[in-house]
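Structure first, commentary second.
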2 protein chains.
Amino acid sequence: MDAFEALADPTRRQVLDLLSRRERTAGELGRGFPSVSQPGMSRHLRVLREAGLVRVRRERSYRIYSIRSDGLAGVDAWMRKYREFWKQELDSLERYLDGSGLSTAESRRTRRHR
Amino acid sequence: MDAFEALADPTRRQVLDLLSRRERTAGELGRGFPSVSQPGMSRHLRVLREAGLVRVRRERSYRIYSIRSDGLAGVDAWMRKYREFWKQELDSLERYLDGSGLSTAESRRTRRHR
DNA sequence: GACTGATATAATGACATAGTTATATGGTTG
DNA sequence: CAACCATATAACTATGTCATTATATCAGTC
């Protein structure tokens, strides 16, 4: 399962959100999702691992999971070429605002905020 | 189907790649993927549309599809909080290189290129 | 070395997805 | 308005995904 498929599941995205703050054991992650059984979480973690989105290391009897940027960097790279699209839309918003009654300062503020 | 699920399919990502260059009719998009039947492509386009990733307009008897940044901007926003992860890794690479035999100029070049 | 705690794998079932063929819709043209 | 072209929807099938229960693995402890 590739990174895009792995990210399609909301639970897995939430797991990454938790890991983005700090690394956690499999058990901690599992307890964070009462709606998911222990084997269910284990499977999600496996998917994330095989997609290159997380890494594991063993410590005592625990498995400690943490974010691995490789996979996400790949997704980010794919998205890069689209980023200009909303930048473009902001630009045309700016042009529109510049043409209207707003001052340029106000336009810039508007742009910065959205 | 949300934007993340829509992006999980490689064909749909390729469709977006085509549309990132210029808008196209459903037929043009279909012909771009000989491995996908006409109804198959129509379905993919529907998924992309309902996920907010593309928009359609009618012109003559054609349906013209184009990128709609809303959906992708949402995905990008989710990814934003991870971007610092590889930036961080680049920073530690830089620190490592600065500490090694490389000149600072070489380190900066390395950093900029990856 | 048996027992326990932490985690992974196996087996299975319900449901979703993507592809296929057949058919419908809707605008365009003679 | 009949025939045609572009595209969408329906019905169906194959395959995949996710969740569940039961079981295995494996390290640490008594």
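Just the heavy atoms: all of them, side chains too, but no hydrogens, waters or symmetry mates, feed the values below. Here the structure is a predicted model, which is why all the values come from computation and not from measurement.
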Just compare D:dT29, D:dA19, C:dT9 and give me whichever is closest to any side-chain atom of A:R60.
D:dT29

Has B:R13 got more than 12 heavy atoms of other residues, nucleotides or ligands less than 6.0 Å from its CZ?
yes

If you assign B:M41 and A:A8 each to the DNA chain D nucleotide with the nearest heavy atom, which residue ends up on the more 5' nucleotide?
B:M41

Counting the atoms with a prime plus P, OP1 and OP2 as sugar-phosphate, which does B:Y65 contact under 4.0 Å by heavy atoms, base, sugar-phosphate, or nothing?
sugar-phosphate

Rounded to the nearest 0.5 Å, what's the gap from CZ on B:R43 to OG1 on B:T11? Could you check?
13.5 Å

Between B:D76 and B:R83, does at least one N-O distance fall below 4.0 Å, as a salt bridge requires?
yes

Write down the atom of A:L53, the atom of A:A6, and the distance for their closest heavy-atom approach.
CD1-CB, 3.7 Å

Would you say a side-chain N or O of A:H44 is under 4.0 Å from OP1 or OP2 of D:dA19?
yes

Nearest to the A:P39 side chain among D:dA8, C:dT9, D:dT7, which nucleotide is it?
C:dT9

B:I64 and B:R24, any side-chain heavy atoms less than 4.5 Å apart:
no

Looking at B:R46, I'd like to know whether one of its side-chain N or O atoms comes within less than 4.0 Å of OP1 or OP2 on D:dA8.
no

Protein-nucleotide distance (A:R63, atom CZ; D:dT25, atom P), rounded to Å
13 Å

In whole angstrom, what separates B:E28's CD from D:dT7's C1'?
14 Å

Please state how far atom OH in A:Y62 lies from atom C1' in D:dT25, giving the value in whole angstrom units.
17 Å

C:dA18 phosphate, OP1 or OP2, under 4.0 Å from B:R12 side-chain N/O
yes

Using a heavy-atom cut-off of 4.0 Å across all strands, would you classify A:R43 as base, sugar-phosphate, or nothing?
nothing

Distance from A:I67 atom CD1 to A:E23 atom CD, nearest 0.5 Å?
11.0 Å

When the distance from CD of A:E50 to P of C:dT9 is rounded to whole Å, what number comes out?
8 Å

Can you measure B:L45 atom CG to C:dG19 atom P for me and round it to whole angstrom units?
12 Å

Determine whether any donor atom in the side chain of B:Q38 lies under 3.5 Å from an acceptor atom in the base of D:dA8, or the reverse, and answer yes or no.
yes

Rounded to the Å, how far apart are A:L48 CG and D:dC18 C1'?
14 Å

Would you say D:dA27 has OP1 or OP2 under 4.0 Å from some side-chain N or O of A:S61?
no

By the 4.0 Å heavy-atom rule, please label A:M1 as base, sugar-phosphate, or nothing.
sugar-phosphate

First encountered from the 5' end of DNA chain D, between A:V36 and A:E59
A:V36

Whole angstrom is fine here: how far is it from CZ in A:R49 over to P in C:dA8?
6 Å

Below 4.0 Å: OP1/OP2 of C:dT28 and any side-chain N or O of B:R58:
no

Could you check how far CZ of B:R57 sits from C1' of D:dA6, rounded to whole Å?
16 Å

Which part of the nucleic acid, if any, lies within contact of A:R31, taking any heavy atom under 4.0 Å across all strands shown: a base, the sugar-phosphate backbone alone, or nothing?
nothing

Closest listed nucleotide, where the reference is the side chain of A:E5 and the choices are C:dA8, D:dA8, D:dT17
D:dT17

